[in-house]
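In what follows, a structure is listed as structure tokens, so that the remarks can point back to it.
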Amino acid sequence: MATTPTAPMDDLDEGAAARGAVYATLAKAFEYPEESFHSAAADGTLEADLRACLDRTGLDVAIPSLTTGDDYETLAARYNDIFELGYSEYTDRTDGSLEAEGPPVPLYESKYRPDHSWNDVNLDLSRAYSHYGLEIDQDQRDNHDALTYELEFAGYLARREAAVGDDAATARLDFHDRHLGHAAAGVADRLADEPGTDIYGGFGELLEAFVRADRNDLAERLEDRR
């Protein structure tokens with residue numbers, strides 16, 4: 001995505017900048033895990049850094065356990081089982097018919113919006129990203145409603161608020177209500193019902209709590225300024 005506007009350090013809103021960093025970390029948490037992510041999750045660095053960052057956001061959000069005892073291969077397999085791989089089973093082995101389902105916890109907003117078409121959700125997101133001159137990485141192209149993209153965009157708007165001002169805060173509140181709030185709640189609910197999530201269960205709790213707290217704080221602050 002595009003580079004965040006810069007501003008003199010004295011003018012930087014530290015709370016908004018910290019929220020941007022939390023969103024960036026959440027986006028990384030819901031990507032296929034890299035070995036560096038696993039190392040930070042295993043030795044406690046990830047949880048400690050997130051806790052310190054959350055302390056600077058001005059939000060009252062409890063942080064669940066975000067450490068893992070998995071080795072890297074096990075964590076990667078766990079990610080695949082939860083977010084990537086569906087399952088199939090024969091409904092009639094005599095004719096080979098299969099019943100197939102997607103992953104237990106889809107990482108796409110449209111999966112949690114039965115009242116909206118896939119096209120409407122993704123078109124609205126495409127317009128939102130384009131309004132800020134942001135584009136999907138063509139080397140790793142995914143649907144616009146991918147949770148990681150939505151989290152990256154929320155982080156971008158938070159960092160833009162930190163450097164520029166309230167217009168980006170207003171846009172982030174609208175984005176919460178139109179998109180990210182639905183995706184975060186849907187993913188968190190599915191994770192809460194899924195056994196064996198390990199660290200991803202904690203990230204689901206943090207995702208929903210942080211998005212909700214940020215949204216409610218924005219709504220209160222912006223209402224007070226009217």
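The basis for the numbers below is simple: all heavy atoms, side chains too, and nothing from hydrogens, waters or symmetry mates.
A single hydrophobic cluster is not seen to contain both Tyr112 and Leu123; linkage of ILVMFWY side chains at heavy-atom distances under 4.5 Å, directly or through other members, places them apart. The cluster map of Ile, Leu, Val, Met, Phe, Trp and Tyr, joined by side-chain heavy atoms under 4.5 Å apart, puts Leu107 and Trp118 in different clusters. Using a 4.5 Å cut-off between side-chain heavy atoms of Ile, Leu, Val, Met, Phe, Trp and Tyr, with links allowed through other members, Val211 and Tyr108 fall into different hydrophobic clusters. Taking hydrophobic clusters as Ile, Leu, Val, Met, Phe, Trp and Tyr residues chained together by side-chain heavy-atom distances below 4.5 Å, Phe210 shares a cluster with Ile199.
In this structure, CD on Glu161 lies 10.5 Å from CG on Leu12, to the nearest 0.5 angstrom. We find the CG-OG1 distance between Asp49 and Thr25 to be 8.0 Å, quoted to the nearest 0.5 Å. We find the NE2-CG distance between His176 and Leu157 to be 8.5 Å, quoted to the nearest 0.5 Å. Note that the OG1 atom of Thr68 and the CG atom of Leu46 stand 10.5 Å from one another [nearest 0.5 Å]. Of the inter-residue distances, the one linking Leu173 atom CG with Glu220 atom CD reads 12.0 Å to the nearest 0.5 angstrom.
Legend: residues meeting salt bridge (charged side-chain N to carboxylate O under 4.0 Å, His left out) with Asp177, ordered by chain and number and at least two apart, are Arg215. Take Asp214 and apply the salt bridge (charged side-chain N to carboxylate O under 4.0 Å, His left out) test, not counting sequence neighbours, and it matches Arg19, Arg172. Judged as a salt bridge (charged side-chain N to carboxylate O under 4.0 Å, His left out), and not counting sequence neighbours, Asp120 has no contacts. Partners of Asp71 according to the side-chain hydrogen bond (donor to acceptor under 3.5 Å, both in side chains) rule, which considers only residues two or more places apart in sequence or in another chain, are Thr74. In this view, His179 and Phe175 satisfy the ring-ring contact (aromatic ring centres under 6.0 Å, His included) rule, not counting sequence neighbours. Looking at residues two or more places apart in sequence or on another chain, you find a side-chain contact (heavy atoms from CB on, under 4.5 Å) between Ala21 and Cys53. Take Glu47 and apply the side-chain hydrogen bond (donor to acceptor under 3.5 Å, both in side chains) test, not counting sequence neighbours, and it matches Arg51. Residues that satisfy the side-chain hydrogen bond (donor to acceptor under 3.5 Å, both in side chains) test with Asp167, not counting sequence neighbours, are absent from this structure. Residues passing the side-chain contact (heavy atoms from CB on, under 4.5 Å) test with Ser126 are Ser130, His144, sequence neighbours excluded. Partners of Glu31 under the salt bridge (charged side-chain N to carboxylate O under 4.0 Å, His left out) rule, at least two apart in sequence or in another chain, are Lys28. Residues meeting the side-chain hydrogen bond (donor to acceptor under 3.5 Å, both in side chains) test with Glu14, sequence neighbours left out: none. Shown here are the side-chain contact (heavy atoms from CB on, under 4.5 Å) partners of Ser39, two or more places apart in sequence or in another chain: there are none.
Of all heavy-atom pairs between Pro64 and Gly202, the closest is CG-O, 3.2 Å. Heavy atoms only, all atoms of each residue included: Ala183 and Glu109 are closest at CB-CB, 3.9 Å. Closest approach of Thr67 and Gly44 over heavy atoms only: CG2-CA, 3.9 Å. Heavy atoms only, all atoms of each residue included: Ala209 and Val61 are closest at CB-CG1, 4.0 Å. Nearest heavy-atom pair, Arg159 versus Gly20, reported as atom, atom and distance to 0.1 Å: NH1-O, 3.7 Å.
Ion pairing between a basic and an acidic side chain is recognised when a charged N comes within 4.0 Å of a carboxylate O; Glu194 and Arg78 show no such pairing.
Residues Glu208 and Leu191 have side chains not in contact (no heavy-atom distance under 4.5 Å, counting atoms from C-beta outward). Under the 4.5 Å side-chain criterion, counting only non-hydrogen atoms from C-beta, Leu50 is in contact with Leu206. Using a 4.5 Å heavy-atom threshold, the side chains of Phe203 and Thr197 count as separate. Within the 4.5 Å cutoff, the side chain of Pro103 has no heavy atoms near those of the Leu85 side chain. Residues Pro33 and His38 fail the side-chain proximity criterion, which asks for heavy atoms closer than 4.5 Å. For the pair Leu207 and Leu147, the minimum side-chain heavy-atom distance is below 4.5 Å.
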Passes side-chain contact (heavy atoms from CB on, under 4.5 Å), Ile63 versus Leu54? Steps please. CA-CA 8 Å; Ile63 186 166; Leu54 279 165; 4.0 Å; yes
Asp43 vs Thr45, side chain to side chain donor-acceptor pair (under 3.5 Å): CA-CA, chis, key distance, verdict: CA-CA 6 Å; Asp43 67 14; Thr45 303; 2.6 Å; yes
Could you please spell out the steps behind the side-chain contact (heavy atoms from CB on, under 4.5 Å) verdict for Asp174 and Thr170? CA-CA 6 Å; Asp174 180 68; Thr170 302; 5.9 Å; no
What do the steps show when you test Arg113 against Asp115 for side-chain contact (heavy atoms from CB on, under 4.5 Å), and what is the final call? CA-CA 5 Å; Arg113 306 293 301 276; Asp115 54 335; 3.9 Å; yes
Mind running side-chain contact (heavy atoms from CB on, under 4.5 Å) on Tyr132 and Arg160 for me, showing each step along the way? CA-CA 10 Å; Tyr132 287 95; Arg160 188 179 179 91; 3.6 Å; yes
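Taking the ring centroids of Tyr129 and Tyr149, they lie at or beyond the 6.0 Å cut-off. Annotation: Tyr23 is not in aromatic contact with Tyr156 [ring centroid separation under 6.0 Å not met].
Proximity of a side-chain donor or acceptor of Asp145 to a complementary backbone N or O of Asn122 within less than 3.5 Å is not detected. Asn143 contributes no side-chain N or O that, together with a main-chain N or O of Ala146, makes up a donor-acceptor pair within less than 3.5 Å.
Taking the six-membered ring for Trp and thresholds of 30 and 60 degrees, Phe30 and Tyr200 have ring planes inclined between 30 and 60 degrees apart.
No more than 12 heavy atoms of other residues, nucleotides or ligands sit less than 6.0 Å from atom CG of Asp60.
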